[in-house]
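By convention in this document, chain letters (A, B, ...) are assigned in the order of the sequence lines, proteins followed by strands, and residues within each chain are numbered from 1.
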Amino acid sequence: MFHAFAEAWKGLRRNGLSSFLSLLTTFIALSLLGATFLVEANLRYMFKTVEQGMDVQAFLKKGISPTEIGEILAAVKEIPGVSDVTYVSPEDGLKELREMFQDMASVLDGLETNNPLPPKIEVKTTGVEEIVSVASSLRGIPGVEDVIYQKEAQKKLEAIGRVLQIAGLAGVISMGVVSVLVIGNSIRLTIIARRHEVAIMKLVGATDGFITAPFFFEGLLLGFFGAVAASGMLIGVYYWLSGWLAATLPYLPVLPLDGPLTTDILTILVITGLAVGGFGSALSLRKYLT
Amino acid sequence: MFHAFAEAWKGLRRNGLSSFLSLLTTFIALSLLGATFLVEANLRYMFKTVEQGMDVQAFLKKGISPTEIGEILAAVKEIPGVSDVTYVSPEDGLKELREMFQDMASVLDGLETNNPLPPKIEVKTTGVEEIVSVASSLRGIPGVEDVIYQKEAQKKLEAIGRVLQIAGLAGVISMGVVSVLVIGNSIRLTIIARRHEVAIMKLVGATDGFITAPFFFEGLLLGFFGAVAASGMLIGVYYWLSGWLAATLPYLPVLPLDGPLTTDILTILVITGLAVGGFGSALSLRKYLT
Amino acid sequence: MIRLKNVEKTYNGHITALSGINLQVEKGEFVFLVGPSGAGKSTLIKLLYREEVPTKGEVSVLGEDLGRMRRSQIPFFRRRIGVVFQDFKLLEDRTVYENVAFALRVTNCPAREIQKRVMNALHIVNLRDRRDAYPQELSGGEQQRVAIARALVRKPEILLADEPTGNLDPSTSMEIFRLLERANLYGTTVVVATHARAFVDAMKKRVVELRDGRIVRDVRRGSYSE
Amino acid sequence: MIRLKNVEKTYNGHITALSGINLQVEKGEFVFLVGPSGAGKSTLIKLLYREEVPTKGEVSVLGEDLGRMRRSQIPFFRRRIGVVFQDFKLLEDRTVYENVAFALRVTNCPAREIQKRVMNALHIVNLRDRRDAYPQELSGGEQQRVAIARALVRKPEILLADEPTGNLDPSTSMEIFRLLERANLYGTTVVVATHARAFVDAMKKRVVELRDGRIVRDVRRGSYSE
Ligand SMILES: Nc1ncnc2c1ncn2[C@@H]1O[C@H](COP(=O)(O)OP(=O)(O)OP(=O)(O)O)[C@@H](O)[C@H]1O
Ligand SMILES: Nc1ncnc2c1ncn2[C@@H]1O[C@H](COP(=O)(O)OP(=O)(O)OP(=O)(O)O)[C@@H](O)[C@H]1O
Ligand SMILES: [Mg+2]
Ligand SMILES: [Mg+2]
């Protein structure tokens, strides 16, 4: 066991340049896998954020009394799928409009004295799927005049959400396959270059395990170092990029670089690296063992 | 020459599996390069579209006469940096608003009879950089009351534009480097596996050129087929994806898959493939030739 | 110890390397395998350590029926046999010392023991000084002696040597043959394929002559040719 | 034709393979290079076709000063020389035919001519039947004969042979030496490093003996040892 490990280390050192280039290949392949994972995680996160921002608006009778409003709010909170309710007075509504269209503020000038906006409540749902049922429940509440929500947007978001999930998974998986192929091929070629050595070892009475072990450990080391380097690089770049994005596009929701995210990347890359490196070399060898 | 080409072909066939895996590696590396290029081209296109959609609005005196409007339009067309001018009457303005906020249509109900909107002209500029100068020119035209444009958005777009250009180029270049490294490494390993053959050829009196040529052609063939396969795959996927996007997110500007784009991809990938394949193998060989 | 019954070996279905071979070698025997180039000497030796399996017939060595041997048992079987390969088969990326040590490392020989035995084997073939050289840095004869040292270091029950002196001068060859003879005296069964007429004639051992894949002569205390 | 002046060759700065070598071989000579394993025979031959360059001194072959030869000239120089390598150096991934043909392909020999000459060379070494085999599918002696055919096929001005019969039986060896002698009669200068005492003694050619990297004997019509 220790012997095999020492042999693996010697093997890597003996073939310095080759090992370095294989490491680089592993690094590149795993970086791509990690980057795809990060993009996928961010898209999912963005979608989640957008989804949570989605809400249903219910316009109330004009001149409704504060007590009635209180009752309505209480009733709305009971509806399943509702995560939050806010009351927006006509004055607040006008302010909101003004903020949304600050550059066209003059358009709204005439409305100040003669506010045409009805009082309304904004209802946040727990997810896109709940919007339709919440809206219909809202319609049943007395004092609610009209209920609006972005039907089209809702459907699209649902569709995009589904597609994102599938595409993201497909992306990560296919990048995983790419890593496996690229790393595996580089290992395979390394072993081809040593096929004579392997044949000789067998003739001298080495067991398959004895021959495989150093290659296996070599692959493990390669995979491990490649994964750690790739993780380090990605985390560094992500740290810098997310800082830059936060400054430039403050409204863009970016997954924060916290413990779990770091752990995820490290886990994915190290496991892929070890698995491909170790089993890649073990499997590639089988051809020359039988 | 012909002999070298025939040898190259034989070499590829002789090492069937190895050649196939090298081809796969080349394919993967070039696909990544191509995909990065497509994403970069689309981001640039999106940005261009957004940029072109950006405009300056000038509100005119209320109750302005059609002749005056005609004069103003003529004057505006003279301003350098202006690509298009449209007149929007108060009624058109209200319609526009209604369309933009169809879900909140009730908000605008009160405005029908008492339209508070001033007449305005919408001016498109040839690019973001022109907005500020066009706006100040507009202010000097008699009959123009107020000029508005998205100052913040303009600055951000300019920044994003610059960043996109740099990041996109950096992305394409680094993917190019990745391709070169991954393909180059796989070629190098293939040559290592044949280092004894190369040494023998030299001893028998083969010139460097005679030894290199088949490897060079082998690399070229590999690069070429890899590039064509990658282009084919990318164009297929792009065709499908852009169709899907057009259906799902009609407002997202997607670069159409036309002749120039196809040519661009093919050119980039084939040139990279040939260059890396051909020179990669020639350069890798040098070590074993001297 | 070694028994071949009606053995036939064809390569690629049409090249007959051996046919109708019946041969029995007892423990402690010393056998010369002679015959012209391409007669099948190496093929016969390859059958004995199971690098090749016969197309027909039975080969049993050290009490094991090689045709029935499980794949996982092969390495353990080979450890009981020392082989000097015709083309040496040294590990290119290891030193002389490591090449010889490798034969012991595959068994579970303790490190101290390995050192002692390897140095001893290198001493016997007169290569102690070159122990840190790589095979490519050795002369043809030196490489051949490394191969011999590797076969001897394990003190095998059977020693197979395929043309062990093809690259050695007469006096070094003489030493090697003496070495084989001494190993034989200590009980090792020895089978040597060789073209070294002078030594075969001088040593008066059992001679088995192959020709076109058949045994054409098998005499005790024989000479290279009739 | 071949002239070495005060040649010294050390490997890795400390292993002296040759020292103080002065040797002159005229056109049409036949020279045996003998000496114990590790004496420096192969190293001397390697200097002659510029696989190695001397550490000190001058080597000139076919009128060319090998120390001053431009890299780009080496292949053209080598084409004028046929070499039988001690370790054969056959191309593993080509058939016997292709291995021999390769020596002609590197020159601009027309295809028809190649076919004729290769088949003729294979006939001489008795390997026409095995022309489509790969080197690994050949016996040791057969591989050696392919190497000999490859060296002969170019009808070289100088033929260098490093232990060309180490894997051949006496009668095949005899044929090979006859072949070398015949080539020599047609004007080829021949240098053969060998341990084959019986043939050296029988052929009565010039013998150069090396020992520890020095020339210790150089006699016309000599024998393997004094
Ligand atoms: N792997 C193989 N594939 C095909 N043919 C083979 C293979 N190995 C050996 N042969 C053929 O089998 C025959 C016997 O070969 P073998 O190596 O046993 O001869 P040998 O007696 O050892 O000859 P030498 O003295 O030249 O080493 C030869 O004709 C050879 O070409
Ligand atoms: N590449 C090398 N690196 C280091 N030492 C070498 C190298 N090649 C040869 N030597 C050493 O130089 C000495 C002479 O070697 P050479 O191959 O010339 O011997 P030789 O006379 O051909 O012997 P043999 O009859 O065994 O083939 C030997 O001691 C050998 O170990
Ligand atoms: Mg043999
Ligand atoms: Mg030698």
Side-chain angles (χ1 to χ4, degrees), chain A residues 1-23 186-219 221-222 279 281-290, chain C residues 42 45-46 48-53 62 69-95 98-111 114 134-136 143 146-147 149-158 160 162:
Chain A
M1 196 65 178
F2 170 73
H3 169 254
F5 200 81
E7 279 292 312
W9 185 247
K10 264 194 246 163
L12 284 175
R13 303 247 331 243
R14 205 158 27 212
N15 306 284
L17 182 63
S18 279
S19 303
F20 174 74
L21 284 173
S22 293
L23 186 66
S186 115
I187 290 176
R188 225 182 61 82
L189 288 169
T190 309
I191 288 176
I192 288 181
R194 298 206 222 158
R195 64 192 180 282
H196 293 298
E197 318 290 302
V198 169
I200 293 172
M201 290 179 184
K202 278 196 68 182
L203 289 179
V204 179
T207 55
D208 290 359
F210 189 89
I211 298 171
T212 318
F215 284 100
F216 180 75
F217 282 121
E218 232 180 276
L221 284 175
L222 218 62
F279 294 104
S281 37
L283 288 180
S284 299
L285 257 181
R286 282 188 61 175
K287 193 179 150 191
Y288 297 100
L289 287 175
T290 48
Chain C
S42 298
I45 286 183
K46 284 176 186 168
L48 299 184
Y49 62 92
R50 209 190 173 288
E51 183 178 348
E52 297 285 355
V53 283
L62 287 167
M69 186 176 274
R70 290 217 316 280
R71 231 183 75 73
S72 58
Q73 284 308 306
I74 299 174
F76 302 97
F77 163 73
R78 285 188 179 150
R79 290 180 195 170
R80 300 168 65 189
I81 299 179
V83 188
V84 182
F85 301 93
Q86 189 168 14
D87 53 355
F88 317 153
K89 295 203 190 295
L90 301 177
L91 297 167
E92 243 188 21
D93 57 352
R94 290 169 202 242
T95 61
E98 278 303 326
N99 263 283
V100 178
F102 190 82
L104 293 175
R105 284 202 210 291
V106 296
T107 65
N108 285 319
C109 190
I114 290 180
Y134 288 91
Q136 316 89 274
Q143 290 180 35
V146 178
R150 182 178 60 186
L152 290 171
V153 77
R154 235 158 27 186
K155 303 196 174 108
E157 297 170 55
I158 297 181
L160 307 175
D162 196 351

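More than 12 heavy atoms of other residues, nucleotides or ligands sit less than 6.0 Å from atom CZ of C/Arg71.
The part of C/Phe85 that comes within reach of chain A is its side chain, from C-beta onward, which places non-hydrogen atoms under 4.5 angstrom from that chain. Contact annotation for C/Arg50: neither backbone nor side-chain heavy atoms come within less than 4.5 Å of a heavy atom of chain A. For C/Leu90, the part sitting under 4.5 Å from any heavy atom of chain A is the backbone (N, CA, C, O) and nothing else.
A distance below 6.0 Å separates the ring centres of A/Phe279 and A/Phe216.
Between A/Ser281 and A/Gly219, the closest heavy-atom pair is OG-CA, 3.9 Å.
The choice from C/Ala111, C/Pro75, C/Ser72 that makes the most heavy-atom pairs within less than 4.5 Å of chain A is C/Pro75.
No side-chain heavy atom of C/Asp93 sits less than 4.5 Å from a side-chain heavy atom of C/Tyr134.
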